[in-house]
Amino acid sequence: MYDQNTKYQHFITDLDQLKSKDQFRSLVSISDKNNKYITIKDKKYLNLSSNDYLGLANDAELLEKFSEIVFKDKLINKLGMSSASSRLLTGNHELYEELEDELCKLYDREASIVFSSGYHANTGIISAITQKGDLILSDKLNHASIIDGMRLSRADFLRYNHLDYNHLKNLLESNLDKYKNILVISESIFSMDGDRTDLKKLVDLKNQYNTILMIDEAHAIGVFGEKGCGICEEDNLIQNIDIIVGTFGKALASVGAYAIINNILKEYLINKMRPFIFTTALPAFNLYWTLMIIKALPSFKFKREHLKDISDFLRNSIQDQGFVTGGESQIIPVIIGENDKTVKTAEKLKDAGIWLLPIRPPSVPEGTSRLRISLSASLEKTDISTIPDIIKGETL
Ligand code: PMP
């Protein structure tokens, strides 16, 4: 496959191994993204692999409103396109403060802090607030950014079985006396399975064992809750969770992330969190757009309702066809199992004009390769009604 006589031999061996296991990944150039479609090499596909859950990323009305402001207020000339510095130096445009104030108002909490990405947020917060002598307990299916945060931390970490709160309780019981502080972390809606944490149970355990509780709402923000603040809002537990992480890059149609915390943690993170301190701040131009979306978030209620409606419809019709699926959100996994079968099914969908990427290890456990259907409020039932039949044709 490659020239074997180079100092890159071990990389080549690893890549060949990925290829032989159908786990090799490569980039695809997208020439256009418009509402529910993407265009690749002049062919238009229905996009079922995006995290634009509310369909805001290409919302004509919102973009038009923003363009008018950009033009009228000469925003590009005023704000430029780069912050050219970290937040602690000269990158901390006053729009950061406005955005953080708006997030505090939305959640009715005393402090919030904005980061350059969710990956920065999770790796940075976890490694900053835990030290040697502490323990981190994390759901087994938590996102890679949480796993990497634990690896960066000097604390010990253990993973409890997915959504198994008895297992978590046992780990708390048996480790309580051995550690100074314990941090418990879970996603609220799981990215690869679309299932949902029982937040009430986590909050009860947090209270019982006096731990810090961190919840990653990346896939729930915008989608759940009356105002769109996620599962914490829907379960009426916003005030009971120490750290709520949300990302701007999915339903909120922007880039960056935030944490809802208290004043002590905010000061601590500003002083101790390396991925906060040592990275370039977001461009003020982008903060302006994010602020507009956050202000409008409660008004997208009808989009949330529509998304729930089409998600229930598709999940039920996939189950009716005899497939293993799960979850209770806009993320619908169709578990195929083997890598090659999953890749083939994705190819078949592609031929039918549907962009639905196969998800394979290491993103998911071995033997659970899947199609991860990720719905957007810009889709209608008629767009997705043929999917179960197409999948069935290839895999049964
Ligand atoms: N948390 C979860 C659960 C995620 O799925 C992701 C991204 N897929 C992130 C954090 C990272 O967010 P970002 O893309 O903003 O880095």
Side-chain angles (χ1 to χ4, degrees), residues 25 27 47-54 56-57 99 103 112-128 136 138-153 159 162-163 183-197 199 202 213-224 229-232 241 243-260 269 273-276 278-283 286-287 289-290 293-294 327-333 357 359-360 362-365 370 372-376:
R25 302 163 194 237
L27 293 169
N47 186 4
L48 297 187
S49 282
S50 133
N51 294 325
D52 178 23
Y53 301 129
L54 294 179
L56 299 179
L99 179 55
L103 286 163
S112 78
I113 179 166
V114 168
F115 308 109
S116 297
S117 78
Y119 189 85
H120 284 84
N122 283 338
T123 51
I125 295 171
I126 295 166
S127 55
I136 308 168
S138 165
D139 187 291
K140 234 176 206 161
L141 293 193
N142 276 343
H143 188 254
S145 55
I146 295 175
I147 297 170
D148 291 357
M150 298 195 293
R151 286 179 176 156
L152 279 175
S153 164
R159 303 201 295 161
H162 181 50
L163 301 180
L183 170 67
V184 174
I185 313 176
S186 177
E187 292 182 40
S188 60
I189 294 292
F190 283 83
S191 58
M192 291 298 145
D193 292 73
D195 50 357
R196 174 175 174 153
T197 288
L199 269 192
L202 287 181
L213 178 59
M214 173 167 167
I215 299 295
D216 181 343
E217 292 255 54
H219 297 276
I221 173 74
V223 177
F224 291 88
C229 293
I231 299 294
C232 297
I241 291 156
I243 305 167
I244 303 170
V245 170
T247 54
F248 296 131
K250 304 184 195 302
L252 304 187
S254 186
V255 66
Y258 62 91
I260 304 295
L269 292 175
M273 179 175 152
R274 296 172 69 85
F276 174 87
F278 298 109
T279 198
T280 299
L282 290 165
N286 172 259
L287 295 170
W289 163 255
T290 306
I293 299 279
I294 286 292
E328 38 193 308
S329 66
Q330 74 287 1
I331 299 165
I332 306 174
L357 297 178
I359 309 282
R360 292 158 283 174
S363 302
V364 292
R370 68 197 62 189
R372 173 187 178 267
I373 301 177
S374 174
L375 293 179
S376 154

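For clarity, every value in this text was computed on a predicted model and none was experimentally measured. Just follow the structure's listing: the first ligand is 1, and inside any ligand the first atom is 1.
An N or O contact shorter than 3.5 Å links Lys250 to ligand 1 by distance. Residue Gly118 places at least one N or O, backbone or side chain, under 3.5 Å from an N or O of ligand 1. Of the N or O atoms in Tyr119, one or more lie within a sub-3.5 Å distance of an N or O in ligand 1. Between Glu187 and ligand 1, a contact under 3.5 Å exists for no N or O pair.
In terms of protein heavy-atom proximity, atom 9 (C) of ligand 1 is closest to His143 CE1, 3.6 Å. In terms of protein heavy-atom proximity, atom 5 (O) of ligand 1 is closest to His219 NE2, 2.6 Å.
Closest heavy-atom approach to atom 1 (N) of ligand 1 within the set Asp216, Asn51, Ile331: this belongs to Asp216.
Here CG of Asp216 is found 8.5 Å from OG of Ser186. Values are rounded to the nearest 0.5 Å. Rounded to the nearest 0.5 angstrom, Leu152 CG and Arg274 CZ are separated by 9.5 Å. In this structure, Ile125 CD1 and Ser153 OG are separated by 13.0 Å, a value rounded to the nearest 0.5 Å. For the atom pair Ile221 CD1 and Tyr53 OH, the distance stands at 12.5 Å (nearest 0.5 Å). The NZ atom of Lys250 lies 13.5 Å from the CD1 atom of Ile189; values are rounded to the nearest 0.5 Å.
When non-hydrogen atoms are compared, ligand 1 lies under 4.0 Å from the side chain of Asn122 (C-beta onward) but not from its backbone.
Ligand 1 lies out of reach of His120, whose nearest heavy atom is not under 4.0 Å from it. Not a single heavy atom of Gly249 sits less than 4.0 Å from an atom of ligand 1.
Scanning both residues, Ser363 and Met192, for their nearest heavy atoms gives O-CG, 3.9 Å. Across every non-hydrogen atom of Phe224 and Glu328, the tightest pair is CZ-O, 4.0 Å.
Using a distance-only test at 3.5 Å, with no hydrogens or angles considered, no donor-acceptor pair links the side chain of Thr279 to the main chain of Pro275.
The atoms of ligand 1 that sit less than 4.0 Å from any heavy atom of Thr247 are 12 (O), 15 (O). Close contacts between ligand 1 and Ser145 involve ligand atoms 1 (N), 10 (C) [criterion: under 4.0 Å to a heavy atom].
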